[in-house]
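In what follows, a single structure is set out as structure tokens and then discussed.
Owing to the predicted nature of the structure, the values given are computational and were not obtained by experimental measurement. Residue numbers begin at 1 in each chain, while the letters A, B, ... track the order of the sequences.
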Amino acid sequence: MAGEKIKIQLAKGPAGEFDTGTDIATVLKTLAPDDRNRPVCAKWNGKSVDLSFSITQPAEVEGIPLDSPEGEDILRHTAAHIMAQAVKELFPGTQVAIGPTIENGFYYDFDTERPLTPEDLDKITQRIKEIIKRDLPVVRSEMPREEALALFAGRQENYKVELINDLADEATVSLYTQGDYVDLCRGPHLPKTSLLRHFKLLSVAGAYWRGDEKKPMLQRIYGTAFARKEDLKKYLHMLEEAKKRDHRKLGRQLELFEINDTAGGGLILYHPKGALLRWILEDFEKQEHLRRGYQPVIGPQILKSDTWRISGHYDYYKENMYFTEIEGKEYGIKPMNCPAHMMIYQSKTRSYRDLPIRFFELGTVHRHEKTGVLHGLLRVRGFTQDDAHIFCLPEQLTDEIIGVIDFIKDVMNVFGFEYTLEISTRPEKSIGSDEDWERATKALQDALLRHDLSYEINEGDGAFYGPKIDVKIRDAIGRSWQCATIQCDFTLPERFQLTYVGSDGSEHRPVMLHRVIFGSLERFMAVLIEHYAGKFPLWLAPTQVVIINITDRQLAYAGKLKERFDAAGIRTELDGRQEKMGYKIREAQMKKIPYMVIVGDREMESSRISLRSRDRGDLGTREVEETLQMIRTEIDERRDGTETDEIGT
RNA sequence: GCCGCUGUAGCUCAACGGUAGAGCAACGCAUUCGUAAUGCGUAGGUUGGAGGUUCGAUUCCUCUCAGCGGCUCCA
């Protein structure tokens, strides 16, 4: 840098001439002295770098402010390093593994001498605050691989050594140092620790090294950090809100279901309200399927193991299945509905004119799930799928896939879910030929491409018998859930020797799609509970209306009203207890019942009612007939309840 | 399955080596009330289960079951 000058262009700003080797911090200060965003990192020709990065060639640079999405990601990354430093200071002998940022936060995995407890989080938080106060510069350095290996080996950081060993093709590696703490890291990072201000450690958990259950279990600490205090507060508040929507909590509060120790984990006992909700969903699905040319079928709960051998489940799914024995013969409890549907297809000669054949079953299946994965209604051992198998001609495949996607779209619209699509490809443990897998995967892709639907690829995530399209829905507070899936299968028709007679008079093999819309009724109900925060739209609410009399004088009138509501097909309860009206209203509100019909002397004398909405409060008095019609319409239109509809007059 | 935490009345929680208590719910009585809690009273528990330490265990230890936060896995 013998006085040589280079031109540096500020993105969306002026350019200037600088000495070779000038660092970005200086460049930014010179070209944008008034920038109130105070950059913490920068983009150099589109690549994220530290402020200390020195420029040796003409370039375009741009400051990254702390409160930008990228700045916040860097902030979290540095927070992870500072946390690691704190843990190492507090627990000498701890080895650090990896500490990446994740959506809305970060974590770091440690190999500690003793497991970390929630109380340790407070201590670590205090130490992090100290390190922030020390205002340590975070310094980048580079060194040859071998040197770095020796450095981390000398510091007994075996996980880092393993990581460097896997970076075989890189000649040098970059390190970041603050105080005594050194970490292997690509960067960039904040220039100094004092820039971390608003953070919170959230939880400790076990996590396998490199996500491999055969490798050692490490201690993971999750945390989050934000550029602005309000944003941290908002995020923590959102976590609280999500907790309030927890379907396990609401499931108990609203008396929907229970999971009973004595009955066993992962097995759902539906209480009357929950069973009613499920009936409503099932009725809805039955109607929708009949409308779309599906035929109902029902398979048995257990099938002889001969079946599972033919289907391949015996070899590829056995560890997820339960077995029993009848007179010396082994039977498997069904984990999937397909084999029975295959047999029903097989039961007679099918013509190409019959295809596509669409078999639908609300099929209850049981799968062995490890204890640790059970989670309310979201992950259970016994569940009911809204399962269908579509048998079609190869040339019908695309249309059938599109038909299913349209079906999914219609259903998700009813509940107000947005969704995205993913294609999952062949997993390691799978059956069928490579050609079939390729054909099947291509069929799914073609269908999506032909209808201009964008999707992401999920390598190796398919079912053992075929690739799948997964539908990820987004709920009211932005979380995503996997429910619907479409799987293309050339293998099972082969294994079950399914045929149809073609126009040429000879036998051909049909192609099959497996598909679910809700996925499982249990999981979908959990998602609905959390999506609506328990405030089900009228058409789904187990109790739609509660009639509240103010004094005993109106009890008979209230009883007559209930009869009229019942006759109109509205799910109505009468709260005739000798309690104050305010108390009954409060209870109805807490049970999240959509409408309250309140009758006192005034209403009784005029043969009217007073209506109160769960969401909109007192709606005033009105005619009974008008109310019945208004409610009926809202039910029939399956309004999702979020829109503000004009009530009556 | 793995790591950590937790398990007390129907629910939410207290007591934490000295033999279990509150609010809500339930039940009874009184109250007959106008849009989110009327008052009084009654009943309710082998402290998840089994074993151990101790004069004594809800409390400490071991095992086991279940739940929670994650990991792996998944509809």
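- In this structure, A:I548 reaches neither bases nor backbone, as no heavy-atom distance under 4.0 Å exists between it and the strands shown.
- Counting any heavy atom pair closer than 4.0 Å across all strands shown, A:E369 reaches a base atom.
- Note on A:E240 versus A:K244: no salt bridge recorded, every NZ/NE/NH1/NH2 to OD/OE distance being 4.0 Å or above.
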Polar-atom pairs under 3.5 Å, protein N or O versus N or O of nucleotides 29-32 of chain B: list them with distances, or write none.
residue : atom : partner : partner atom : Å
B:U31   : O4   : A:Q578  : OE1          : 2.2
B:U32   : O2'  : A:R553  : NH1          : 3.2
B:U32   : O2   : A:D552  : N            : 3.0
B:U32   : N3   : A:D552  : OD2          : 3.1
B:U32   : O4   : A:D552  : OD2          : 3.0
B:U32   : O4   : A:Q578  : OE1          : 2.6
B:U32   : O4   : A:Q578  : NE2          : 2.8

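- Taking side-chain N and O atoms only, A:Y595 has no distance below 4.0 Å to OP1 or OP2 of B:U35.
- Taking the six-membered ring where the residue is Trp, A:H368 and A:Y322 present perpendicular rings, their angle passing 60° and hence far from 30°.
- With sequence neighbours excluded, the residues forming a ring-ring contact (aromatic ring centres under 6.0 Å, His included) with A:F323 are A:Y314, listed by chain and number.
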All N/O contacts under 3.5 Å from nucleotides 41-50 of chain B to the protein, with atom names and distances to one decimal?
none

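- A:E258 contributes no side-chain N or O that forms a donor-acceptor pair with the base of B:G10 under 3.5 Å.
- With salt bridges taken as basic N to acidic carboxylate O contacts below 4.0 Å, one links A:K273 and A:E573.
- Between A:R612 and A:D618, no side-chain nitrogen of the basic residue sits less than 4.0 Å from a carboxylate oxygen of the acidic one, so the salt-bridge criterion is not met.
- Rounded to whole Å, the separation between the C1' atoms of B:U42 and B:G1 comes to 49 Å.
- Nucleotides B:A43 and B:C27 have their C1' atoms positioned 7 Å apart, rounded to a whole Å.
- Comparing the P positions of B:U19 and B:C2 gives a spacing of 39 Å, expressed to the nearest Å.
- Using C1' as the reference atom, B:A30 and B:G45 are 30 Å apart when rounded to the nearest Å.
- With distances taken from any side-chain atom of A:F383 to the nucleotides B:G34, B:A75, B:U72, the minimum falls on B:A75.
- Of all nucleotides listed (B:C2, B:U35, B:A75), B:A75 comes nearest to the side chain of A:S520.
- Stacking here means ring centres nearer than 5.5 Å and ring planes tilted less than 30 degrees, and by that measure A:Y583 does not stack onto B:A36.
- By the 4.0 Å N-to-carboxylate-O rule, A:K215 lies close enough to A:D212 to be salt-bridged with it.
- Side-chain N/O atoms of A:H375 include none lying less than 4.0 angstrom from OP1 or OP2 on B:C74.
- Checking B:G34, B:A75, B:C2 against every side-chain atom of A:Y208, the shortest atom distance belongs to B:C2.
- Taking atom P in both B:U58 and B:G48, the straight-line distance is 10 Å, to the nearest Å.
- The aromatic rings of A:H514 and A:Y465 sit parallel, their planes meeting at an angle under 30°, below the 60° perpendicular limit.
- Contacts of A:A207 with the nucleic acid, taken as non-hydrogen atoms under 4.0 Å apart, involve only primed sugar atoms and P, OP1 or OP2.
- Taking side-chain N and O atoms only, A:R612 has no distance below 4.0 Å to OP1 or OP2 of B:G34.
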Close N/O contacts between protein and nucleotides 59-61 of chain B (under 3.5 Å):
none

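- Within the 4.0 angstrom heavy-atom criterion, no nucleotide atom of any strand lies near A:E522.
- Taking the P atom of each, B:C13 and B:A9 are spaced 12 Å apart, rounded to whole Å.
- Taking a cutoff of 4.0 Å between a charged side-chain nitrogen and a carboxylate oxygen, A:E530 and A:K535 do not qualify as a salt bridge.
- Residue contacts for A:E603: at a heavy-atom cut-off of 4.0 Å it reaches a base atom on one of the strands shown.
- Heavy atoms of A:V516 sit nowhere under 4.0 angstrom from any nucleic acid atom.
- A donor N or O paired with an acceptor N or O is found under 3.5 Å between the base of B:C74 and the side-chain atoms of A:R523.
- A:R248 has a side-chain polar atom (N or O) that falls below the 4.0 Å cut-off from OP1 or OP2 of B:G69.
- Using a 4.0 Å heavy-atom cutoff across all strands shown, A:K468 reaches sugar-phosphate atoms only and no base atom.
- Rounded to whole Å, atom P of B:U12 lies 9 Å from atom CD of A:Q253.
- Residue-level contact check: A:G372 touches the bases, meaning some heavy atom is under 4.0 Å from a base atom.
- Rounded to whole Å, the C1' atom of B:A66 lies 16 Å from the corresponding atom of B:U47.
- With salt bridges taken as basic N to acidic carboxylate O contacts below 4.0 Å, none links A:E369 and A:R381.
- Judged by distance alone with a 3.5 Å cut-off, no donor-acceptor contact links the side chain of A:R367 to the base of B:C74.
- Salt-bridge check for A:D120 with A:R114: passed, with a basic side-chain N closer than 4.0 Å to an acidic carboxylate O.
- Residue-level contact check: A:V380 touches the bases, meaning some heavy atom is under 4.0 Å from a base atom.
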### Task
Mind running ring-ring contact (aromatic ring centres under 6.0 Å, His included) on A:F417 and A:H531 for me, showing each step along the way?
CA-CA 9 Å; A:F417 290 121; A:H531 176 61; 4.2 Å; yes
#### Entry: Intra- and inter-strand pairs of RNA chain B in dot-bracket (Watson-Crick or G-U wobble, both distances under 3.5 Å; | for another strand)
(((((((..((((....[..)))).(((((.......))))).....(((((..]....))))))))))))....
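- By the side chain to side chain contact (heavy atoms under 4.5 Å, CB included) test, A:T224 is found to be paired with A:R76, A:L202, A:F226, A:L232, A:Y235, residues two or more places apart in sequence or in another chain being considered.
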